[in-house]
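Values in this document were obtained by computation on a predicted structure and should not be read as measured data.
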Amino acid sequence: LSFVVCQRNRDLLISASSSNRWSARAKEQMKTQGEHLGELAEQCGHIWHDAVEDRVRWTTFAGAALNGTIGSILESRLNLVASWDDFEISLPAATDVSAIRQLAAELLIAPSLTDMIPANQELIDQLKFSACLPNVLAQRAAQGRQDLSPIMRVLEAITQGSTG
């Protein structure tokens, strides 16, 4: 899912109201999803230790592509193994949360953030002639098309968020 769609889903999950245009079935489905994902939606912007799964979880509701980009940066810069989905980035239990916050702060002030963020394959595939381009050129072309504002929002949230 895209960043915008994930953020809208989060807003709907934490909202106490429902649209009068929704059918009874839609309202019931939103209630079920709220019970399933509502607590996670409320954790958005926070990094916390999940004792049940023994993992550090960074809840973003940012979409798998953006979480994958951030997860890849974490893996390469902090030498750890991350996994991600549309809603969060999951890290080993021993992850140093302060190192993640410090890295996020560094990325926020980096003069050439675009150069530091690799374009994911989905973005490269959207280029008209991606199959004809050498990988280095395809990466550079795709990087130039990236909208950095969602990444900046996620990084800002973690530098200001809380740890649980």
Go through the structure and list residues passing side chain to side chain donor-acceptor pair (under 3.5 Å) with S90, not counting sequence neighbours.
R55
Tell me whether T95 contacts the main-chain N or O of L91 through its side chain, where contact means a donor paired with an acceptor under 3.5 Å.
no
Look only at the side chain of Q43 and the backbone of T59, and say whether a donor-acceptor pair between them is shorter than 3.5 Å.
no
D86 side chain vs L1 backbone, donor-acceptor pair below 3.5 Å:
yes
Non-hydrogen atoms of G71 and I89 that approach each other most closely
N-CD1, 4.2 Å
Going only through I, L, V, M, F, W and Y residues with side-chain contacts under 4.5 Å, is there a path from W22 to I14?
no
Same apolar cluster (I L V M F W Y, side chains within < 4.5 Å links), I73/L108
yes
Show the nearest heavy-atom pair for residues C6 and F61, with the distance to one decimal.
CB-O, 3.1 Å
Do L12 and F87 share a hydrophobic cluster (ILVMFWY, side-chain heavy atoms under 4.5 Å, transitive)?
no
Is there a side-chain contact between D96 and I100 (heavy atoms, below 4.5 Å)?
no
Does this structure show an ion pair linking R10 with E42, if we count only N-O contacts that are shorter than 4.0 Å?
no
side-chain contact (heavy atoms from CB on, under 4.5 Å) for E88 and W84? Distances and angles first, verdict last.
CA-CA 6 Å; E88 68 182 9; W84 50 83; over 6 Å; no
Taking all heavy atoms of R101 and all of T159, pick out the closest pair and write down the distance.
O-CG2, 3.8 Å
Mind checking whether I158 and L80 sit in one hydrophobic cluster, side chains of I, L, V, M, F, W, Y counted as touching below 4.5 Å?
yes
Is a donor on one side and an acceptor on the other found under 3.5 Å between the side chain of N67 and the backbone of I70?
no
Taking side chain to side chain donor-acceptor pair (under 3.5 Å) as the definition, give me every residue that meets it alongside S149, ordered by chain and number, with sequence neighbours left out.
D147
My understanding is that only residues two or more places apart in sequence, or in another chain, count here; which of them pass side chain to side chain donor-acceptor pair (under 3.5 Å) with S15?
S17
Given H46 and W58, is the side-chain contact (heavy atoms from CB on, under 4.5 Å) satisfied, shown in steps?
CA-CA 6 Å; H46 296 179; W58 177 359; over 6 Å; no
Heavy-atom nearest pair, A62 first then V154, reads CB-CG2, 3.8 Å
Nearest atoms (heavy-atom pairs only) where C44 meets T60
SG-O, 3.2 Å
R57 vs I47, test: side-chain contact (heavy atoms from CB on, under 4.5 Å). Steps then yes/no.
CA-CA 6 Å; R57 296 171 68 178; I47 189 165; over 6 Å; no
Assess whether atom NZ of K27 is packed by more than 12 heavy atoms of other residues, nucleotides or ligands within 6.0 Å.
yes
Check the pair R77 / E106 against side-chain contact (heavy atoms from CB on, under 4.5 Å), numbers first and verdict last.
CA-CA 11 Å; R77 299 280 299 272; E106 289 172 16; 3.4 Å; yes
How long is the straight-line distance from CG of N9 back to OG of S2, given to the nearest 0.5 Å?
9.0 Å
Smallest heavy-atom separation, A93 atom then V56 atom, equals O-CG2, 3.7 Å
Tell me, yes or no, whether the heavy-atom count around E75 atom CD, taken from other residues, nucleotides or ligands under 6.0 Å, exceeds 12.
yes
